[in-house]
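See below for the structure under consideration.
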Amino acid sequence: MGTFVSSPLLPTHYRSFSPLACTTRNSESYNSTFILANSSRTQHRCSVRLFPKLSTAAYRDLGSSGQWNFDWISSSLLGCPLLCGQRSSKTVTQAAALSVAAAMGDSATTVLVTGAGGRTGGLVYKKLKERAGQFVSRGFVRTEESKQKIGGGDDVFVGDIRQPETLTPVFQGIDALVIVTSAVPKMKPGFDPSKGGRPEFYFEDGCYPEQVDWIGQKDQIDAAKAVGAKHIVLVGSMGGTNPNHPLNSLGNGKILIWKRKAEQYLADSGIPYTIIRAGGLVDKEGGQRQLLVGKDDELLATETKSVPRADVAEVCVQALLIEEAKNKAFDLASKPEEAGSPTTDFKALFSQVSTKF
């Protein structure tokens, strides 16, 4: 006998399961019979064989001619299988992805990366995927195009951080959250650099920093807290101590002010956190530079105020692994490649930080 868990992405009337019998066949498989019960439908029976690995069992809907096929995923860590399913040719593949993540149990940390369609967020998602023994990764993107850009896997979910209802399913079961979402200004058309002057920028309707960097990040923090996430890593930006920073004037969006407000909300949330305020992001190879941490935008007064996106992504991953990164906020930059030795001891790097905000 056991408890059976199904994904909220499955149809409601297939989420309630009552085991009738469970007979051990050998150390690796079981033969069981279940009633699928729902007050609005007649009861149905199915017999399945459960394996520690993925297996398939056919279920005949006794009240219709439809055929349901279920994949049952069991884990020795959980002692119970988890359900995903398909009807006709439409597979509930993302339910399977959530079930696989849950079936990993304590063997890996389930991490959701929001903003995974961006250049930095995509690198975080990729690095987590490369560490499959330590992490079960999920990505959250705005469009199907962004999903395909990072591989189109069933662990990548399409939604909108400005619509909290789209957050609920994918946040279920996560242990940690990495927030890499940000409003992005666009250049107004017609700028001709040959004529001098400066380009003008704007934010699309509904995509202003207040909506994305404040409300959207606040909703993510609330969703993570609601499901009991144990750690949130937030990628922000240096410059937030200066309300007159040039970035705040882009599109009149005050982007650093709203980012700072979300950072403060996270620090006050009660969830263990790591706030990484990156310097100017450059698309260079990671792992080639000495990384620098600072506070209160002090690094902006130096010549070392940029950092490769790949190094920011690596710091996010290391923050999930190293206790010394928790409940700290810091600026992040790097020396030029030819100066200093590449950072490899991230525990020592995080130990240099004492600031909580």
Side-chain angles (χ1 to χ4, degrees), residues 109 111 113 115 120-121 123-124 127-128 131 134-135 175-182 213 217 220-221 224-225 229-242 245 247 256-257 259-282 284 286-336 339-357:
T109 301
V111 184
V113 182
T120 306
L123 289 171
V124 177
K127 284 178 176 289
L128 293 173
R131 293 168 168 86
Q134 296 172 297
F135 301 105
D175 300 307
L177 169 67
V178 181
I179 300 176
V180 205
T181 54
S182 179
D213 294 277
Q217 291 191 359
Q220 292 177 65
I221 295 165
K225 188 172 185 177
K230 302 176 181 65
H231 192 188
I232 296 179
V233 177
L234 172 60
V235 178
S237 176
M238 285 199 286
T241 61
N242 178 12
H245 192 283
L247 287 178
L256 295 180
I257 292 174
K259 283 181 179 292
R260 197 80 170 186
K261 189 175 178 69
E263 293 169 6
Q264 185 68 65
Y265 187 81
L266 173 59
D268 295 338
S269 69
I271 305 173
Y273 64 89
T274 305
I275 299 171
I276 303 168
R277 299 181 181 121
L281 296 170
V282 294
K284 300 289 185 179
Q288 306 298 311
R289 305 183 184 210
Q290 181 178 339
L291 301 180
L292 305 171
V293 291
K295 63 177 182 178
D296 298 330
D297 293 333
E298 293 172 344
L299 292 173
L300 289 179
T302 72
E303 295 300 316
T304 52
K305 48 194 174 187
S306 63
V307 61
R309 293 178 188 275
D311 285 325
V312 175
E314 183 63 28
V315 171
C316 289
V317 174
Q318 294 295 332
L320 295 169
L321 295 169
I322 299 173
E323 192 69 22
E324 281 76 7
K326 286 185 177 178
N327 299 318
K328 293 182 177 180
F330 54 88
D331 300 339
L332 180 68
S334 65
K335 290 185 176 181
S341 301
T343 296
T344 56
D345 188 343
F346 288 90
K347 181 176 180 180
L349 183 73
F350 295 138
S351 295
Q352 296 176 39
V353 180
S354 60
T355 49
K356 293 187 176 298
F357 185 77

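Distance check, rounded to the nearest 0.5 Å: CG of Leu292 to CD of Glu298 gives 12.0 Å. Remark: Leu177 CG to Ile271 CD1 distance equals 8.5 Å, nearest 0.5 Å. One distance of note links CD of Gln288 with CG of Asp311; it measures 8.5 Å at 0.5 Å rounding. Considering OG1 of Thr355 and CD1 of Ile275, their distance stands at 9.5 Å, rounded to 0.5 Å.
Asp268 pairs by the side-chain contact (heavy atoms from CB on, under 4.5 Å) definition with Gln264, not counting sequence neighbours. By the side-chain contact (heavy atoms from CB on, under 4.5 Å) test, Pro342 pairs with no residue at all, sequence neighbours left out. Applying the salt bridge (Lys or Arg N to Asp or Glu O under 4.0 Å) criterion to Asp213, with sequence neighbours excluded, gives Lys259. Under the side-chain contact (heavy atoms from CB on, under 4.5 Å) criterion, Ala348 pairs with Asp345, not counting sequence neighbours. Here Ile276 pairs with Val233, Thr274, Val315, Cys316, Phe330, Leu332 under the side-chain contact (heavy atoms from CB on, under 4.5 Å) rule; sequence neighbours left out. Under the salt bridge (Lys or Arg N to Asp or Glu O under 4.0 Å) criterion, Glu323 pairs with Lys326, not counting sequence neighbours. In this structure Ser334 satisfies the side-chain hydrogen bond (donor to acceptor under 3.5 Å, both in side chains) test with no other residue, sequence neighbours excluded. Scored by the salt bridge (Lys or Arg N to Asp or Glu O under 4.0 Å) test, Lys230 finds Asp175 as partners (sequence neighbours excluded). With sequence neighbours excluded, the residues that form a salt bridge (Lys or Arg N to Asp or Glu O under 4.0 Å) with Lys127 are Glu314. Among residues two or more places apart in sequence or in another chain, the ring-ring contact (aromatic ring centres under 6.0 Å, His included) test is passed with Tyr265 by Trp214.
At a threshold of 4.5 Å between non-hydrogen side-chain atoms, the residues Phe346 and Leu321 do not count as touching. Within the 4.5 Å cutoff, side-chain heavy atoms of Val178 are placed close to those of Leu320.
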Please lay out, stage by stage, how Leu300 and Asp331 fare under the test side-chain contact (heavy atoms from CB on, under 4.5 Å). CA-CA 9 Å; Leu300 289 179; Asp331 300 339; over 6 Å; no

Would Leu266 and Glu263 count as a side-chain contact (heavy atoms from CB on, under 4.5 Å) if you check the C-alpha gap in whole Å, the side-chain angles of each, and the deciding distance to 0.1 Å? CA-CA 5 Å; Leu266 173 59; Glu263 293 169 6; 5.7 Å; no

Yes or no on side-chain contact (heavy atoms from CB on, under 4.5 Å) for Thr241 and Arg260, after CA distance, side-chain angles and deciding distance? CA-CA 8 Å; Thr241 61; Arg260 197 80 170 186; 3.5 Å; yes

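Identified under the side-chain hydrogen bond (donor to acceptor under 3.5 Å, both in side chains) test for residues 299-309, with sequence neighbours left out: Thr120-Arg309, Asp283-Arg309, Thr302-Thr304. Evaluation of the salt bridge (Lys or Arg N to Asp or Glu O under 4.0 Å) test over residues 288-297, restricted to residues two or more places apart or in two chains, returns none.
Across every non-hydrogen atom of Tyr273 and Lys356, the tightest pair is OH-O, 2.5 Å. Closest non-hydrogen pair, Ala176 versus Thr109, comes out as CB-CG2, 4.4 Å. Residues Ala329 and Phe357 approach most closely at CB-O, 3.5 Å, considering heavy atoms. Shortest non-hydrogen contact noted between Ala278 and Val307 is CB-CG1, 4.2 Å. Residue Ile221 comes nearest to Ser269 through the heavy atom pair CG2-CB, 4.0 Å, listed as atom of the first residue, atom of the second, then distance. Nearest approach of Leu299 to Met238, heavy atoms of both residues: CB-SD, 4.1 Å.
With hydrogens and angles ignored, the 3.5 Å screen pairs a side-chain donor or acceptor of Lys328 with a backbone N or O of Val353. A donor-acceptor distance shorter than 3.5 angstrom exists from the side chain of Gln217 to the backbone of Thr181, with no hydrogens or angles considered.
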